[in-house]
Q: 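Pasting a structure below so you can have a look.
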Amino acid sequence: MNLRRRFRLWLLYLLFLSLAAVSVATFRPWLLVLCGPILVSSWYVCEGRRSIHLSRSLVNIGALLALVLVGLSWINEPDTGRVMELLGIFVLILLVLRQFQERTTREDAQQILLSAILVISSIIQSNRFLFGIIVVLWVVTLVFVVMLFQLYSGTDNAVSVRRRPVPA
């Protein structure tokens, strides 16, 4: 397994832990049941030999639809206590959509940041013990994923520098 695939596999594990955290924090196990298999299937669909990716425009349209969905949910029940819950659901939809697009190192870094936003919004909502265990696992995985990202982006940058033509 090369470095890119190893990093993306651990990133997927980090995103799955983020999904579990938001599911436990909001007391909505259906988020884990619905989004979990979709998130895991992104590995098989996008990282396989015959990878299929969503275009960037489809991901942007999906993000806009998610924003409209969250906005309509806010309009139906305008409660300031739901802000973090709605932010978490929006970021979760965005994470799942972005897993299916073709990614560069910049998008991978953005996935790590979105995962952190998702967990932080969940931390604000929950005080359960199970959630604490998930957050500890997430932090340990985050440290490893960030180190793998530094290796991956460094090698990717070195390869792109070597491929540039030498100035005469």
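Along the sequence shown, residues are numbered consecutively beginning with 1.
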Q: So how far is it from Ser55 OG to Asn60 CG, rounded to the nearest 0.5 Å?
A: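 Spacing of OG (Ser55) from CG (Asn60) equals 8.5 Å.
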Q: Could you see if Leu34 belongs to whatever hydrophobic cluster contains Phe27? Use Ile, Leu, Val, Met, Phe, Trp, Tyr and a side-chain cutoff under 4.5 Å.
A: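 Hydrophobic grouping puts Leu34 apart from Phe27.
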Q: To the nearest 0.5 Å, what is the distance between OG on Ser51 and CZ on Phe100?
A: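 Rounded to the nearest 0.5 Å, the OG-CZ separation comes to 12.5 Å.
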Q: Given 3.5 Å as the limit, does a donor-acceptor pair link the side chain of Ser115 with the main chain of Gln111, or not?
A: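 No, the answer is negative, given that no donor and acceptor are paired below the 3.5 Å cut-off.
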Q: Between Val22 and Val91, is the side-chain contact (heavy atoms from CB on, under 4.5 Å) condition met? List the steps.
A: CA-CA 10 Å; Val22 77; Val91 171; over 6 Å; no
Q: Of all the heavy-atom pairs spanning Val119 and Phe131, show the shortest one and how long it is.
A: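 Looking at all heavy atoms of both residues, the shortest contact is O-CZ, 4.4 Å.
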Q: With side chains defined as the heavy atoms from C-beta onward, is the minimum distance between Trp43 and Leu39 less than 4.5 Å?
A: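 SC-SC contact between Trp43 and Leu39 ruled out.
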Q: Begin from the C-alpha positions of Trp138 and Ser18 and carry the test side chain to side chain donor-acceptor pair (under 3.5 Å) through to its verdict.
A: CA-CA 7 Å; Trp138 181 83; Ser18 303; 3.1 Å; yes
Q: Can a donor-acceptor pair be found, under 3.5 Å and without considering hydrogens, that links the side chain of Arg82 to the backbone of Ser73?
A: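 Between the backbone of Ser73 and the side chain of Arg82 there is a qualifying donor-acceptor contact (under 3.5 Å).
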Q: Which is it for Leu142 and Val146 under the side-chain contact (heavy atoms from CB on, under 4.5 Å) test, yes or no, and what are the steps along the way?
A: CA-CA 6 Å; Leu142 177 69; Val146 167; 4.0 Å; yes
Q: Quick check: do Arg103 and Gln110 have side-chain heavy atoms less than 4.5 Å from each other?
A: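 A side-chain contact is absent here, since even the closest heavy-atom pair is not under 4.5 Å.
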Q: Honestly curious: do Leu15 and Ile38 fall in one hydrophobic cluster under the side-chain, below-4.5 Å linking rule?
A: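 Yes: a chain of side-chain contacts under 4.5 Å links Leu15 to Ile38.
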Q: For Glu102, I'd like to know if atom CD has over 12 heavy atoms of other residues, nucleotides or ligands within 6.0 Å.
A: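 Atom CD in Glu102 is not packed in, count stays at 12 or less.
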Q: Would you say the side-chain atoms of Glu107 pair up with the backbone N or O of Thr104, donor to acceptor, closer than 3.5 Å?
A: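 Judged by distance alone, yes, a pair lies under 3.5 Å.
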Q: Can you tell me how far CD1 of Ile124 sits from CG of Leu87, rounded to the nearest 0.5 angstrom?
A: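 Leu87 CG to Ile124 CD1: 8.5 Å, rounded to 0.5 Å.
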Q: Got a donor-acceptor contact below 3.5 angstrom from the Ser153 side chain to the Phe149 backbone?
A: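 Indeed, once roles are kept as given, a pair shorter than 3.5 Å links the two residues.
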Q: Is there a side-chain contact between Leu151 and Phe7 (heavy atoms, below 4.5 Å)?
A: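 Contact flag for Leu151/Phe7 side chains = no.
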Q: Quick check: is Val140 connected to Leu11 through a chain of hydrophobic side chains (ILVMFWY, heavy atoms under 4.5 Å apart)?
A: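 Result: no, two separate clusters.
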Q: Gln99 versus Leu95: any side-chain heavy-atom pair under 4.5 Å?
A: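 SC-SC contact between Gln99 and Leu95 ruled out.
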Q: Would you compute the distance between atom NE2 of His53 and atom CD of Gln101 and round it to the nearest 0.5 angstrom?
A: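 Output value for this atom pair is 9.5 Å.
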Q: Does Val139 share a hydrophobic cluster with Leu114, counting links as ILVMFWY side-chain heavy atoms below 4.5 Å and allowing steps through other members?
A: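 Yes; tracing contacts between hydrophobic side chains, which count when under 4.5 Å, links both residues.
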Q: When clusters are formed by joining ILVMFWY residues with side-chain heavy atoms under 4.5 Å apart, either directly or through shared neighbours, do Val159 and Val161 land in the same one?
A: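 Unlinked, Val159 and Val161 end up in two clusters.
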Q: Could you grab the distance from atom OG1 of Thr26 to atom CG of Leu86, nearest 0.5 Å is fine?
A: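 Taking OG1 in Thr26 and CG in Leu86, the distance rounds to 10.5 Å.
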Q: Distance-only, no hydrogens or angles: does the Ser122 side chain make a donor-acceptor pair with backbone N or O of Leu118 under 3.5 Å?
A: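 Confirmed, Ser122 side chain pairs with Leu118 backbone.
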Q: Looking at Met147, Arg8, Arg6, which hits side chain to side chain contact (heavy atoms under 4.5 Å, CB included) with Tyr152?
A: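 Going through the options one by one, the only one that passes is Arg8.
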Q: Does any part of the side chain of Leu92, heavy atoms only, come nearer than 4.5 Å to the side chain of Cys35, both counted from C-beta?
A: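 Yes, close enough: below the 4.5 Å cut-off.
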Q: State, yes or no, whether a side-chain contact exists between Val83 and Trp74 at a heavy-atom distance under 4.5 Å.
A: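 Side chain of Val83 against side chain of Trp74, heavy atoms only: contact under 4.5 Å found.
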Q: With a sphere of 6.0 Å drawn around CG of Leu113, does it hold more than 12 non-hydrogen atoms of other residues, nucleotides or ligands?
A: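 Counting neighbours around CG of Leu113, more than 12 heavy atoms of other residues, nucleotides or ligands fall under 6.0 Å, so yes.
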Q: From Leu12 CG over to Leu17 CG, what is the distance, rounded to the nearest 0.5 angstrom?
A: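 Here the rounded value is 10.0 Å.
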Q: Could you walk me through whether Phe16 and Leu32 pass the side-chain contact (heavy atoms from CB on, under 4.5 Å) test, one step at a time?
A: CA-CA 9 Å; Phe16 193 79; Leu32 190 61; 4.0 Å; yes
Q: When you compare the side chain of Leu97 with that of Ile93, does any pair of heavy atoms fall below 4.5 Å?
A: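 Yes, their side chains come closer than 4.5 Å.
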Q: Which heavy atom in Asp156 sits nearest to a heavy atom in Thr105, and how many Å separate them?
A: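 That closest heavy-atom pairing would be OD2-CG2, 3.3 Å.
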Q: side-chain contact (heavy atoms from CB on, under 4.5 Å), that's the test. Do Val68 and Leu64 meet it? Break it down for me.
A: CA-CA 6 Å; Val68 167; Leu64 286 175; 5.6 Å; no
Q: Where do Val70 and Phe90 come nearest, in terms of heavy atoms and distance?
A: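 Closest pair (atom of Val70, atom of Phe90, distance): CG2-CB, 3.8 Å.
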Q: Does the Arg5 side chain pair with the main chain of Glu47, one donor and one acceptor, at a distance under 3.5 Å?
A: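 Answer holds: yes.
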